[in-house]
Amino acid sequence: MQPDFDFTDTPVSTGTTIMAVEFDGGVVIGADSRTSSGAYVANRVTDKLTRITDKVYCCRSGSAADTQAIADIVAYSLNYHENQTNKDALVFEAASEFRNYCYSYRESLLAGIIVAGWDEQRGGQVYSIPLGGMLTREACTIGGSGSSFIYGFVREHYRPNMALEDCVTFVKKAVQHAIYHDGSSGGVVRIGIITKDGIERRIFYNTESGASAVSSTPSFISSE
């Protein structure tokens, strides 16, 4: 007897939870790590925090293929721009590149992007590019299928200009709540802290209590 569906024919999706928050000195980005294909978990340790430049990253939600392709194109374009000008790309320039592609191909793409980073002109910045290609700057933004479960949590606990560790804890707890409630979100919580010095990466494993950080591994990347 043939099964009702074949997961190999289901598009791979990063049905997900992504988040970014500005703090005094930079931005904190966070995401879960589950990539799903229908009811099948295709990858449980995906890295959805994608490097664009040394100080600009994006968080991806939607079609895994679409978001990876757009991120690769924008990263190549900004790398060429930096080589030609000998200057670091601005966060807004990266966000505008994403907006151009997401809007121009809005009928074909399934891509919700958060662009976050730090530059000398405006410091830490977060830009949201939801489905359809609109571009807005947000001090705190969430996206993906898990975001619908945590709007109340984010509204209640977000404070402007939070300290670094408070911001990290806020993002970690928000993503963990989304993982608990959303079947398309899961795995570990990946955190990135972007400042003028580059990025520090941390990983928080979900224990049975759902709130403990088992490991955090920082690694700094500098443009120098």
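Computed from heavy atoms alone, side chains included, the values below leave out hydrogens, waters and symmetry copies. We number each residue from 1, following the sequence as shown.
Side-chain contact check for Thr50 versus Tyr57: every heavy-atom pair is 4.5 Å or farther apart. Side-chain contact between Ile129 and Tyr101 is absent, with no heavy-atom pair separated by less than 4.5 Å. Residues Asn206 and Ile179 have side chains in contact (heavy-atom distance under 4.5 Å, counting atoms from C-beta outward). Under the 4.5 Å side-chain criterion, counting only non-hydrogen atoms from C-beta, Leu109 is not in contact with Ser63.
Between Arg202 and Glu200 there is a salt bridge, with a side-chain nitrogen of the basic residue lying less than 4.0 Å from a carboxylate oxygen of the acidic one.
The minimum heavy-atom distance between His81 and Glu93, with the atom names listed, is NE2-OE1, 3.6 Å. Of all the heavy atoms in Gly192 and Ile199, the pair that sits closest is CA-CD1, 4.1 Å. Annotation for Ala111 and Ile70: closest pair CB-CD1, 4.0 Å, computed over non-hydrogen atoms. The minimum heavy-atom distance linking Cys58 with Arg60 is given by the pair SG-CG, 3.9 Å. Taking both residues in full, the closest heavy atoms of Leu135 and Ala95 are given as CD1-CB, 3.8 Å, listed atom of the first, atom of the second, then distance. Closest approach of Ala31 to Ile18, counting heavy atoms only: CB-CG2, 3.9 Å.
Under a 3.5 Å cut-off, the side chain of Thr141 and the backbone N or O of Glu138 do not form any donor-acceptor pair. For the pair Lys55 (side chain) and Lys196 (backbone), a donor-acceptor distance under 3.5 Å is present. Checked by atom type and distance alone, the side chain of Asp182 never pairs as donor or acceptor with a backbone atom of Ala178 at under 3.5 Å. Distance alone, capped at 3.5 Å, places no donor-acceptor pair between the Thr16 side chain and the Gly144 backbone. A donor-acceptor distance shorter than 3.5 angstrom exists from the side chain of Thr195 to the backbone of Asp197, with no hydrogens or angles considered. Looking at Ser36, its side chain never comes within 3.5 Å of a backbone N or O of Val41 through a donor-acceptor pair. Using modelled atom types, one side-chain atom of Arg190 and one backbone atom of Val45 make a donor-acceptor pair closer than 3.5 Å. One N or O on the side chain of Ser33 and one on the backbone of Val188 form a donor-acceptor pair closer than 3.5 Å. Remark: the backbone N or O of Met162 is not paired with any side-chain donor or acceptor of Asp166 at under 3.5 angstrom. Between the side chain of Asp32 and the main chain of Gly187, no donor-acceptor pair closer than 3.5 Å is present.
A cation-pi geometry, defined here as NZ or CZ lying under 6.0 Å from the six-membered ring centre and within 45° of its normal, holds between Arg106 and Tyr103.
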Would you please test Asp119 and Lys87 for salt bridge (charged side-chain N to carboxylate O under 4.0 Å, His left out) and show each step? CA-CA 10 Å; Asp119 62 50; Lys87 295 181 180 178; over 6 Å; no

Can you check side chain to side chain donor-acceptor pair (under 3.5 Å) on Glu82 and Tyr80, steps first, answer last? CA-CA 6 Å; Glu82 289 183 339; Tyr80 179 82; over 6 Å; no

Please test Leu110 against Leu131 for side chain to side chain contact (heavy atoms under 4.5 Å, CB included), starting from the C-alpha separation and ending with a verdict. CA-CA 7 Å; Leu110 183 64; Leu131 298 178; 3.9 Å; yes

Take Ser185 and Arg34 through the side chain to side chain donor-acceptor pair (under 3.5 Å) test and state the conclusion after the steps. CA-CA 6 Å; Ser185 300; Arg34 175 174 292 178; over 6 Å; no

Show, in sequence, the C-alpha distance, side-chain angles and deciding distance for Tyr127 and Val91, and conclude whether the side chain to side chain contact (heavy atoms under 4.5 Å, CB included) test is met. CA-CA 9 Å; Tyr127 295 93; Val91 183; 3.7 Å; yes

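Residues Ile114 and Ile29 fall within the same hydrophobic cluster, defined by Ile, Leu, Val, Met, Phe, Trp and Tyr side chains chained together at heavy-atom separations under 4.5 Å. Leu164 and Val21 fall within a single hydrophobic cluster, where Ile, Leu, Val, Met, Phe, Trp and Tyr side chains are chained together by heavy-atom contacts under 4.5 Å. The hydrophobic cluster containing Phe23 also contains Ile142, counting ILVMFWY residues as joined when their side-chain heavy atoms lie under 4.5 angstrom apart, directly or transitively. Cluster membership for Leu90 and Ile113, using ILVMFWY side-chain heavy atoms within less than 4.5 angstrom, is not shared. Tracing side-chain contacts under 4.5 Å through hydrophobic residues (I, L, V, M, F, W, Y), one reaches Met19 starting from Ile191; they form part of the same cluster.
One distance of note links CG of Leu78 with CD1 of Ile73; it measures 12.0 Å at 0.5 Å rounding. From Met134, atom CE reaches atom SG of Cys102 across 12.0 Å, with rounding to the nearest 0.5 Å. Taking SG of Cys167 as the start and OH of Tyr158 as the end, the distance is 8.0 Å to the nearest 0.5 Å. Note that CG of Asn79 and CD of Gln84 are 10.0 Å apart. Values are rounded to the nearest 0.5 Å. Taking OH of Tyr180 as the reference point, atom OG1 of Thr17 lies at 15.0 Å (rounded to 0.5 Å). Note that OG1 of Thr35 and NZ of Lys48 are 5.0 Å apart. Values are rounded to the nearest 0.5 Å.
For Gln68, there are no side-chain hydrogen bond (donor to acceptor under 3.5 Å, both in side chains) partners two or more places apart in sequence or in a different chain.
Below 30°, between 30° and 60°, or above 60°: for Phe153 and His177 the angle between ring planes is between 30° and 60°, a tilted geometry.
The distance between the ring centers of His157 and Phe170 does not fall below 6.0 angstrom.
For the salt bridge (Lys or Arg N to Asp or Glu O under 4.0 Å) with Glu22, the lone residue among Arg159, Arg137, Arg122 that qualifies is Arg137.
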